[in-house]
Amino acid sequence: MIPLVFHPIYSQLSLPVRHRFPIEKYQGIRDALSARGIPDNWFHQPQPIDTQLLTTAYDPDYVMPLLEGTLDKKAMRRIGFPWSQQLIDRSLTAVGGTCLTAELAVRHGLALNLTGGYHHAFDTFGSGFCLFNDLYLAANRMLAEPDIDRVLIIDCDVHQGDGTAWLAREDDRIITLSLHGEKNFPHRKQHSDIDIPLEKGTGDADYLEALDAALTLAWRYRPDAVIYDAGVDIHVNDDLGHLQITTSGILQRDNMVLSLCREAGVPTACVIGGGYQRDIPALVDVHLQLYRAAGVIA
């Protein structure tokens, strides 16, 4: 049994017509896993993250106005969602889900959240559909364990994990690796411990070669635990990615990362990251490669 983390609220957010964010995909992944025989008792339902924890980790002058609906319109536009209580409830639960995934990974060796990867959120503002940076919080949750002194965040979303890099910039216990499109959002990149920028049009062979080299570099830090952001916006059919990675290439990527973690015996928490095809069933199928690599489904 591999722990999976899901809450129906992940897909419960009313958005304007033709909004870019594919909110339906989370329930789609849950349904697809169930249709493939995954029993309900594999799924763990998270609680919302404690708001006191948020205000301890992030600037209260950002967190509280966002929670209360008084954040200025320019800051909300930067996030990319209209404010609603539904948005706040969903976001708090999603972040709680990634933290729960980290805890389950420590106990079981591997755990997967059916959302997560909100890596554009900084301590003083949100950006790019990200309100609160769950990866940084989850890394600190892992570091609270007695046998974990260093956490490696492997971010394979097509967009650089700028918020994560910024938040961890002065903490040598959190190692940030970002493999991302060079000419893609965010336009102003931050400095991860390891940044691997990729040219537009990069295909499977070059991508996997770059990933192999990046993982070799990252493993020199001797991580005690890993958080893996398995974004699929690198896919050839993604509307925002500008790379040419096939579904097979994504499966090979996920196998490469998870096999390395498994061989090293380090607890690994996975999140699904970005993916922006408007065809939700097709998008769900690409995200399912992570669950194949993890051994959840065949």
Side-chain angles (χ1 to χ4, degrees), residues 10-11 13 15-33 79-81 94 112-121 127-130 134-135 153-164 177-187 189 195-211 214 228-258 270-294:
Y10 287 0
S11 280
L13 178 61
L15 294 172
V17 176
R18 300 293 293 173
H19 191 279
R20 164 46 53 205
F21 196 79
I23 195 67
E24 305 95 337
K25 72 178 183 178
Y26 308 106
Q27 185 66 54
I29 295 169
R30 171 66 165 89
D31 293 344
L33 292 174
I79 290 171
F81 291 125
L112 300 91
N113 195 7
L114 274 66
T115 188
Y118 301 107
H119 59 174
H120 297 310
S127 177
F129 306 138
C130 303
D134 59 328
L135 303 181
I153 299 176
I154 302 172
D155 192 335
C156 287
D157 192 283
V158 81
H159 305 109
Q160 193 214 31
D162 55 337
T164 313
L177 161 61
S178 183
L179 190 74
H180 55 265
E182 182 177 18
K183 304 295 185 183
N184 208 323
F185 181 89
H187 300 297
K189 306 293 193 288
D195 279 306
I196 308 294
L198 302 168
E199 295 181 0
K200 286 185 177 182
T202 295
D204 287 0
D206 290 339
Y207 183 92
L208 294 170
E209 182 179 353
L211 175 61
Y228 176 40
D229 184 342
V232 302
D233 38 14
I234 63 171
H235 193 267
V236 60
N237 292 333
D238 197 88
D239 294 349
L240 303 182
H242 309 305
L243 300 187
Q244 298 291 313
I245 312 305
T246 66
T247 302
S248 173
I250 287 175
L251 179 58
Q252 291 178 71
R253 176 200 70 176
D254 294 345
N255 273 323
M256 185 183 297
V257 172
L258 295 184
C270 302
V271 299
I272 71 166
Y276 299 95
Q277 294 185 55
R278 291 195 184 275
D279 183 335
I280 297 299
L283 177 56
V284 165
D285 183 66
V286 182
H287 276 299
L288 286 179
Q289 305 315 304
L290 173 64
Y291 301 88
R292 291 194 170 92

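Keep in mind it's a predicted model, so treat the numbers as computed, not measured.
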**Student:** Going through the distances and angles, do Val158 and Leu240 end up as a side chain to side chain contact (heavy atoms under 4.5 Å, CB included)?
**Tutor:** CA-CA 9 Å; Val158 81; Leu240 303 182; 5.9 Å; no

**Student:** If you measure from CD1 on Ile196 to CG on Leu177, what distance do you get to the nearest 0.5 Å?
**Tutor:** 6.5 Å

**Student:** Under the criterion side-chain contact (heavy atoms from CB on, under 4.5 Å), which of Thr115, Asn113, Leu114, Leu290 is the partner of Val271?
**Tutor:** Asn113

**Student:** Taking the inter-plane angle between the rings of Phe129 and Phe21 on a 0 to 90° scale, is it parallel (under 30°), tilted (30 to 60°) or perpendicular (over 60°)?
**Tutor:** perpendicular

**Student:** Taking Asp254 first and then Arg292, would you say they form a salt bridge - that is, a charged N and a carboxylate O separated by under 4.0 Å?
**Tutor:** no

**Student:** State, with a plain yes or no, whether a side-chain heavy atom of Gln160 is found less than 4.5 Å away from one of Pro186.
**Tutor:** yes

**Student:** Hey, is the main chain of Thr246 close enough, under 3.5 Å, to the side chain of Asp204 for a donor-acceptor pair?
**Tutor:** yes

**Student:** If every non-hydrogen atom of Gly274 is compared with every non-hydrogen atom of Asp157, which pair is closest and at what distance?
**Tutor:** N-OD2, 2.8 Å

**Student:** If I take atom NE2 from residue His180 and atom CG from residue Asp229, how far apart are they, to the nearest 0.5 angstrom?
**Tutor:** 13.0 Å

**Student:** Could you walk me through whether His235 and Gln244 pass the side chain to side chain contact (heavy atoms under 4.5 Å, CB included) test, one step at a time?
**Tutor:** CA-CA 6 Å; His235 193 267; Gln244 298 291 313; over 6 Å; no

**Student:** What I want to check is whether the side chains of His287 and Lys25 have a donor and an acceptor closer together than 3.5 Å.
**Tutor:** yes

**Student:** To the nearest 0.5 Å, tell me how far Ile29 CD1 sits from Glu24 CD.
**Tutor:** 12.0 Å

**Student:** Who pairs with Tyr276 by ring pair (Phe, Tyr, Trp, His ring centres under 6.0 Å), at least two apart in sequence or on another chain?
**Tutor:** none

**Student:** CG/Leu13 to CD1/Ile23 distance, rounded to the nearest 0.5 angstrom?
**Tutor:** 4.5 Å

**Student:** Start with the C-alpha distance between Ile272 and Tyr291, add both sets of side-chain angles, then the distance that settles side chain to side chain contact (heavy atoms under 4.5 Å, CB included), and finish with yes or no.
**Tutor:** CA-CA 10 Å; Ile272 71 166; Tyr291 301 88; 3.3 Å; yes

**Student:** Answer with yes or no whether the side chains of His120 and Asp162 bring together a donor and an acceptor at under 3.5 Å.
**Tutor:** yes

**Student:** Using every non-hydrogen atom in the two residues, find where Val232 and Asp238 come nearest and quote the distance to one decimal.
**Tutor:** O-OD1, 4.1 Å

**Student:** Could you grab the distance from atom CG of Leu208 to atom OG1 of Thr202, nearest 0.5 Å is fine?
**Tutor:** 11.0 Å

**Student:** If you compare all heavy atoms of Cys156 against all heavy atoms of Leu211, which two are closest, and at what distance to 0.1 Å?
**Tutor:** SG-CD1, 4.0 Å

**Student:** Using every non-hydrogen atom in the two residues, find where Val284 and Ala32 come nearest and quote the distance to one decimal.
**Tutor:** CG1-CB, 3.9 Å

**Student:** For Tyr10, check ring pair (Phe, Tyr, Trp, His ring centres under 6.0 Å) against everything at least two apart and list the hits.
**Tutor:** Phe6

**Student:** Would His159 and Asp233 count as having a side-chain donor-acceptor pair, cut-off 3.5 Å?
**Tutor:** yes

**Student:** Distance from Tyr207 atom OH to Glu209 atom CD, nearest 0.5 Å?
**Tutor:** 13.5 Å

**Student:** Would a 4.5 Å heavy-atom cut-off, applied to side chains only, mark Arg253 and Leu179 as touching?
**Tutor:** no

**Student:** Report the C-alpha separation of Lys189 and Glu182 in whole Å, then their side-chain angles, then the decisive distance to 0.1 Å, and conclude whether the side chain to side chain contact (heavy atoms under 4.5 Å, CB included) test is met.
**Tutor:** CA-CA 9 Å; Lys189 306 293 193 288; Glu182 182 177 18; over 6 Å; no

**Student:** Indicate the atoms forming the closest heavy-atom contact of Gly116 with Tyr118, along with that distance.
**Tutor:** CA-CE1, 3.5 Å

**Student:** What is the minimum heavy-atom distance between Asp134 and Gly117, and which atoms define it?
**Tutor:** OD2-N, 3.0 Å

**Student:** Who passes side-chain hydrogen bond (donor to acceptor under 3.5 Å, both in side chains) against Asn255, sequence neighbours left out?
**Tutor:** none

